[in-house]
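The block underneath contains the structure these notes are about, expressed in structure tokens.
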Amino acid sequence: MIHQYFEESRSKWVKILVGISIAFILCFILNISLGSVLIPIQDIFSFLTGGETSKESWSLILSNFRIPKALTAIFVGSALGISGLQMQTLFRNPLAGPYILGISSGAGLGVALVIFLGFYFGGFLSITGIGRSWLLVVSAGLGSFLVLLVIAVVAARIKDSVSLLIIGLMFGTASGALVSILQFFSQAENIQAYVLWSFGNLGSLSWKELGVFIPVLTIGLIASVMLSKHLNALLLGENYARSLGLNIRKTRLLIIVNTSILAGTVTAFCGPIAFFGVAMPHLTRMLFNTSNHLLLTPVLILFGATLMLLFDSISQLPGFGATLPINAVTSLIGAPFVIYLLIRKKNLGYSFNA
């Protein structure tokens, strides 16, 4: 009986993974075919298999713009989904997201300092030859890292996860206040540049930037799979996890560092992307009816990538020749979904039943 149950369960999850993989491939092809220039499917297959397209310009568009953008969407969707899952499990808070510890606010403050004090960085850029885009990436990364450093020190000193959560929120509030002060004394064009960054952008990364972006996120995603057993133990509470021999402080620090690497890298390269990290773990749990992280983590990596490709395709407004900010699409879909869950389930505690 038990053997039959496990066989049926394994067969079910194989079918789920195959189904998501097919959806992922279809969304990838759809994503790179859409844009201001519509590229026929047969030309896309020809390009992906090493052949040539009907027009040379289509090959340039695919290789220089659409493939990098699709790869960015894939890793952003996976990273934000996993970051949200880890934070929700660690804090046992169904509305926790990847930016709840102030990682996004730290990155935003770093970018704000560069943009609003950009006049003073002009000479530095001309001397070093560093491009403005790389300077924004580095400044956002440093802002995220400094917040992570402070949170890591605090996490090593306090036992209560709720206190750590509140401290993270306070860091976010303080960073937001500093950004507001900088905006108040800044010029209009600098404010506009910061607002554009805050919209999020999946299509601005070059192959050189992807050469840093993809390896860092790949390491973070592999680490998240390795943390699955620890997250399963935390589902039943810290006292139970401690009785199983789990080092709570060490595990909490590993989860925070991994989430910061994933969310901080995404924010540094693409800007803050709202709601996706909060909604994706709930959607995955509800659709696939599991809270087992050994299953949930790989499914969420693939499912998050698939949905981000779909959202990016929607943001391109096929047929209109315009592109919406990715933040607008994720928020318009994410916010109603969270409201729906709250109304339907009364609360979101069901998500944390083992």
Side-chain angles (χ1 to χ4, degrees), residues 72 75-76 79-80 83 87 97-156 164 167-183 185-186 190-191 193-202 204-206 208-220 223 253-274 277 327:
T72 303
F75 280 91
V76 166
L80 291 182
S83 299
M87 289 293 95
Y99 301 130
I100 197 167
L101 291 178
I103 302 300
S104 175
S105 300
L109 179 58
V111 170
L113 287 171
V114 170
I115 291 177
F116 297 143
L117 302 177
F119 174 78
Y120 301 101
F121 285 100
F124 174 77
L125 292 178
S126 61
I127 293 172
T128 61
I130 299 174
R132 183 178 174 84
S133 62
W134 273 112
L135 185 62
L136 292 180
V137 168
V138 171
S139 62
L142 284 175
S144 298
F145 176 75
L146 290 176
V147 172
L148 164 63
L149 196 62
V150 174
I151 293 295
V153 171
V154 173
L164 181 62
I167 290 171
L169 291 172
M170 294 303 100
F171 271 115
T173 302
S175 299
L178 290 174
V179 171
S180 296
I181 292 172
L182 288 171
Q183 285 180 316
F185 290 104
S186 183
N190 290 336
I191 295 175
Y194 181 79
V195 170
L196 288 175
W197 176 83
S198 69
F199 284 161
N201 188 359
L202 299 178
S204 62
L205 301 191
S206 65
K208 284 186 178 180
E209 291 168 323
L210 287 175
V212 177
F213 181 75
I214 291 177
V216 171
L217 290 186
T218 299
I219 292 170
L253 182 59
L254 287 173
I255 292 171
I256 290 171
V257 169
N258 190 50
T259 298
S260 300
I261 289 172
L262 292 171
T265 303
V266 168
T267 306
F269 281 90
C270 305
I273 297 177
N327 250 343

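For T267, the side-chain hydrogen bond (donor to acceptor under 3.5 Å, both in side chains) partners at least two apart in sequence or on another chain are Y99. With sequence neighbours excluded, the residues satisfying side-chain hydrogen bond (donor to acceptor under 3.5 Å, both in side chains) with T259 are Q86. Remark: F213 engages F269 in a ring pair (Phe, Tyr, Trp, His ring centres under 6.0 Å) (not counting sequence neighbours).
S198 places a side-chain N or O within 3.5 Å of a backbone atom of V195 that can act as its donor or acceptor partner. Looking at N201, its side chain never comes within 3.5 Å of a backbone N or O of G271 through a donor-acceptor pair.
Between P98 and S83, the shortest heavy-atom contact is CB-CB, 3.3 Å. When all heavy atoms are compared, the tightest approach of A223 to N258 is CB-OD1, 3.4 Å. Annotation for V111 and A140: closest pair CG2-CB, 3.6 Å, computed over non-hydrogen atoms. Shown here for A107 and S144, the closest heavy-atom pair between the two residues is CB-OG, 3.3 Å.
Side-chain contact between I273 and L202: present, with at least one pair of heavy atoms (C-beta onward) separated by less than 4.5 Å. The side-chain heavy atoms of F75 and L210, taken from C-beta on, include no pair separated by under 4.5 Å.
Atom CD1 in I191 sits 12.0 Å away from atom CG in L196 (nearest 0.5 Å). For the atom pair C270 SG and E209 CD, the distance stands at 9.0 Å (nearest 0.5 Å). The OH atom of Y194 lies 9.5 Å from the CG atom of L113; values are rounded to the nearest 0.5 Å. With rounding to the nearest 0.5 Å, the separation of CE in M87 from CD1 in I256 is 6.0 Å. Here the CD1-OG distance, from I115 to S139, works out to 7.5 Å after rounding to the nearest 0.5 Å. Atoms OG1 and CD1, on T218 and I214 in that order, are 6.5 Å from each other to the nearest 0.5 Å.
Among I261, L262, V266, the one residue that satisfies the side chain to side chain contact (heavy atoms under 4.5 Å, CB included) test with V216 is I261. When each of L217, V137, V76 is paired with T265, the side chain to side chain contact (heavy atoms under 4.5 Å, CB included) condition holds for L217 and for no other.
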